[in-house]
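In what follows, a structure is listed as structure tokens, so that the remarks can point back to it.
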Number of protein chains: 2
Amino acid sequence: MTASENSEALSQRLADSGLRSTPQREVVYTVLLKKRDHPTADEVYARVKSELPTISLATVYNCLETLVQCDLVRAVNFERGPTRYCPNLRPHAHFHDESTGRTHDIDLPPTVLTELNRILPQGFDAKSIEITFRGQAKESSEHRAAGSGHS
Amino acid sequence: MTASENSEALSQRLADSGLRSTPQREVVYTVLLKKRDHPTADEVYARVKSELPTISLATVYNCLETLVQCDLVRAVNFERGPTRYCPNLRPHAHFHDESTGRTHDIDLPPTVLTELNRILPQGFDAKSIEITFRGQAKESSEHRAAGSGHS
DNA sequence: GTGATAATTGGAATAATTCCAAGTCGCAGT
DNA sequence: ACTGCGACTTGGAATTATTCCAATTATCAC
Ligand SMILES: [Mn+2]
Ligand SMILES: [Mn+2]
Ligand SMILES: [Zn+2]
Ligand SMILES: [Zn+2]
């Protein structure tokens, strides 16, 4: 998927929600797509500034919030750490590597999701399920994680 | 399990970690056991004050942290909301009811945990798994959740 | 172009938690 | 019982991530 195709998809999603496409929103989204390492708002801010030196942190927060509302990006939280942002739209869990601090995407087979819904007692209706692993990942796993796949 | 048995268990765990049993720690733990509704630190503070009017919020935070370290209590986070505390030691997921704001414990069958570990690629070693459902629960489910069971 | 509306901006405010330095308590050894 | 020492508690200051706000600036429809 080319850059202009992503840009197109963004404009479309924004328009669908009655929102405008702006340079700030474009660049924030582009930055998330370029390096999918679950950056924090601060990290996004730093990356975006090299392209839009006058953008404010408040705007980065606004843009990220907008992208989450449009379902183009997921907000991810570990404990009380700063919120991280993930443009991977496939159903996936997160593996938080305690030694490196890195976050890896773990694809979720549909069977797992249906099995999880089965453990809910009568009357519980889940709209979303979030799964977080915490532990260590071997070096070699750098390239084995599902993270960089393009849906 | 009687109150004094819980108190005994607490002293034991604390001693195991080279820590002392104090009135503050006792009452914080008792409060968590008495009403298992996943209270925040502030809520614990309010409940403890009726018994120990001079306790400080800092001490409540300290005690909660200690109980978590001793594995008598789990810290639970939803998004960026305040940390909640749960004395249920069985393996369980959390169901966050968006309309009531209430949190329900959902028992996790061991089979689900082993299946979840199976989806991890080579080289990923998970020390813990956290599962959070978000949605709505029917009134009737008030009494069907696993929450009040005693292990 | 002009006006209405949406978006951005810098800085102040907020909320939860942690930090810190001072006081207090509990206990081991005398 | 007394003393000393480390553990614990306390109030308030500091921290951190995020949100709020009021003022500007940009965008779109007409
Ligand atoms: Mn992290
Ligand atoms: Mn909640
Ligand atoms: Zn992700
Ligand atoms: Zn629980």
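Since the structure is predicted, the reported quantities are computational estimates derived from the model, not experimental observations. In what follows, chains are A, B, ... by sequence order, proteins preceding strands, each numbered from 1.
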Practice task
Please state how far atom CZ in A:Phe78 lies from atom P in D:dA17, giving the value in whole angstrom units.
Solution key: 16 Å
Practice task
Return each pair, listed once, that meets ring-ring contact (aromatic ring centres under 6.0 Å, His included) where at least one residue sits in residues 4-25 of chain B; pairs must be two or more places apart or across chains.
Solution key: none
Handout entry: B/S/- contact track for nucleotides 7-24 of chain C, protein heavy atom under 4.0 Å
Key = SSBB-----SSB------
Problem - Ion pair check, B:Arg13 and B:Asp71, cut-off under 4.0 Å - result: no
Practice task
Check the angle between the aromatic planes of B:Phe95 and B:Phe133 and answer parallel, tilted or perpendicular using the 30° and 60° thresholds.
Solution key: parallel
Problem - Euclidean distance, atom CG of residue B:Leu67 to atom P of D:dC8 [Å, nearest integer] - result: 12 Å
Problem - Electrostatic pair B:Arg80-A:Glu79, nearest N-O below 4.0 angstrom - result: no
Problem - B:Arg47/B:Asp37 ion pair, N-O < 4.0 Å - result: yes
